[in-house]
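Numbers restart at 1 for each chain; the letters A, B, ... are given by sequence-line order, proteins then strands. Bear in mind that the values here come from a model prediction, so they are computed numbers and not experimental data.
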2 protein chains.
Amino acid sequence: MGRWEPNAVQRLQQAAWELFAERGYADVTVTEIAERAGLTKRSFFNHFADKREVLFAGAQAFEADILGYLAETDADAEPIDAAVAALTRGGLDLTPYREPARIRRGLIASSTELQERNLIKMASLTAAIAKSLGERQTPARTAAFAAQAAVAAFDAAYDDWAADATADFSALMRQALSDLRHAVDAGPDEEPPRS
Amino acid sequence: MGRWEPNAVQRLQQAAWELFAERGYADVTVTEIAERAGLTKRSFFNHFADKREVLFAGAQAFEADILGYLAETDADAEPIDAAVAALTRGGLDLTPYREPARIRRGLIASSTELQERNLIKMASLTAAIAKSLGERQTPARTAAFAAQAAVAAFDAAYDDWAADATADFSALMRQALSDLRHAVDAGPDEEPPRS
DNA sequence: CCGGTGACTGCACCTGGTGCCATCGCTGAT
DNA sequence: ATCAGCGATGGCACCAGGTGCAGTCACCGG
């Protein structure tokens, strides 16, 4: 029992979430969010760097989780397989949060501001994965492309998962990776068959 | 001879470019840009949606060029090859602008705001390419992944090109695509050899 | 000569975001 | 018990980006 109600950050997130759901991201003001949480605008900005960030609080934790999973993968695996495995585990962790994920996706789609923030978070995740892969024997270029491919597959699978209640995330991820490889593969007449 | 000096947009871009080069993006105010161009803040926002956009005016034209080149590619080519060919031609068009491109890259690297904007422009380009590819016989999924891969290769090649004065863009692009395929390919023991 | 059009301006206003300092209650040390 | 310090919060003034609205003024076409 402190001088203040506990969990200010959580209360702010909750308040923001409710207000965004009610009236959309753009029509909600930071002052309103803070007041619903029983705080002031100034305190909001003591907890979040900006208005967008209140919707992306989970992203940093997610990135950390992925890096943890990545460290657990077989060091001899192909980089892209290691990254895909880690992202698959991370995606499975989200299973209980399908409905919030759907709403969040809707919000992001409604605001270019949020789309930009989402893209930079994905880019940050990609860079972190690439860096981790680079600490294996992998050349930086390969690591970067493998990370980008893995995240692209994850993103597609995540979309599918949000849209289809019955789908299993790891199956979606396998399918996405297979589709990606199909799209990237050279046509049969452009590259000699493997020896 | 109009009532006003001509080429307001160009003057604003020029003024912004100079000021950003002098003092960095963050330390320049829109009012300053407008005044150096002989206009007012209000007029700046009549020409550009926001402060960032003054640095990305070329992006829309570039996207249109790429789509044009894409339409000229062989309709029977693999989607990724068509996209790569179009982006290679677009990259070659930039040859005279290497130095500005370098400066621009430095500016973007210095500001997360600009990084976000850059990412969404690349995403827009990717989506436009994917849409165009989808208008061939290509499935949407394949089109999307092919576009993402092609743009990823372009981005890597563009980086290399900005860093190395002597490099030929189409060679860099071929190399990037080859590296990408190497990074995405399954290891030899994970997939049966082609028949 | 006259009315329309379009680039530009002025102004008031909103909101996100920050710097600075005061407050207040808890905690631990003396 | 008292006091110092810490940390979350609040108040306030302020800045910059961004917008809505109502003008102004030169040009252009009739």
(message) Tell me whether the NZ or CZ atom of B/Arg104 lies within the 45° cone about the ring axis of B/Phe56 and under 6.0 Å from its centre.
(response) yes
(message) Quick one: does any side-chain atom of A/Lys41 pair with a main-chain N or O of A/Thr29 as donor and acceptor, under 3.5 Å?
(response) no
(request) Please check if the side chain of A/Lys51 supplies one atom and the backbone of A/Val28 the other of a donor-acceptor pair under 3.5 Å. (result) yes
(request) Not counting sequence neighbours, list each pair that qualifies as a salt bridge (Lys or Arg N to Asp or Glu O under 4.0 Å) and has a residue in residues 84-95 of chain A. (result) A/Glu72-A/Arg89
(request) Let me know the distance between CG of A/Leu12 and C1' of C/dG17, rounded to the nearest Å. (result) 15 Å
(message) Can you measure B/Leu39 atom CG to D/dG18 atom P for me and round it to whole angstrom units?
(response) 17 Å
(message) Rounded to the nearest 0.5 Å, what separates atom CZ in A/Phe169 from atom OG1 in A/Thr95?
(response) 8.5 Å
(message) What's the separation between atom CZ in B/Arg117 and atom CG in B/Asp50, rounded to the nearest 0.5 Å?
(response) 4.0 Å
(request) Show your working on ring-ring contact (aromatic ring centres under 6.0 Å, His included) between A/Phe154 and A/Phe62 and close with a plain yes or no. (result) CA-CA 13 Å; A/Phe154 173 82; A/Phe62 183 75; 5.8 Å; yes
(message) Could you tell me if A/Gln14 and A/Glu18 have a donor-acceptor pair between their side chains, going purely by distance under 3.5 Å?
(response) yes
(request) Can you sort out which residues in residues 41-59 of chain A have a heavy atom within less than 4.0 Å of DNA chain D? Ascending by number, please. (result) A/Arg42, A/Ser43, A/Asn46, A/His47
(message) With the threshold set at under 4.0 Å for non-hydrogen atoms, list the residues of residues 22-38 of chain A touching DNA chain D in residue-number order.
(response) A/Gly38
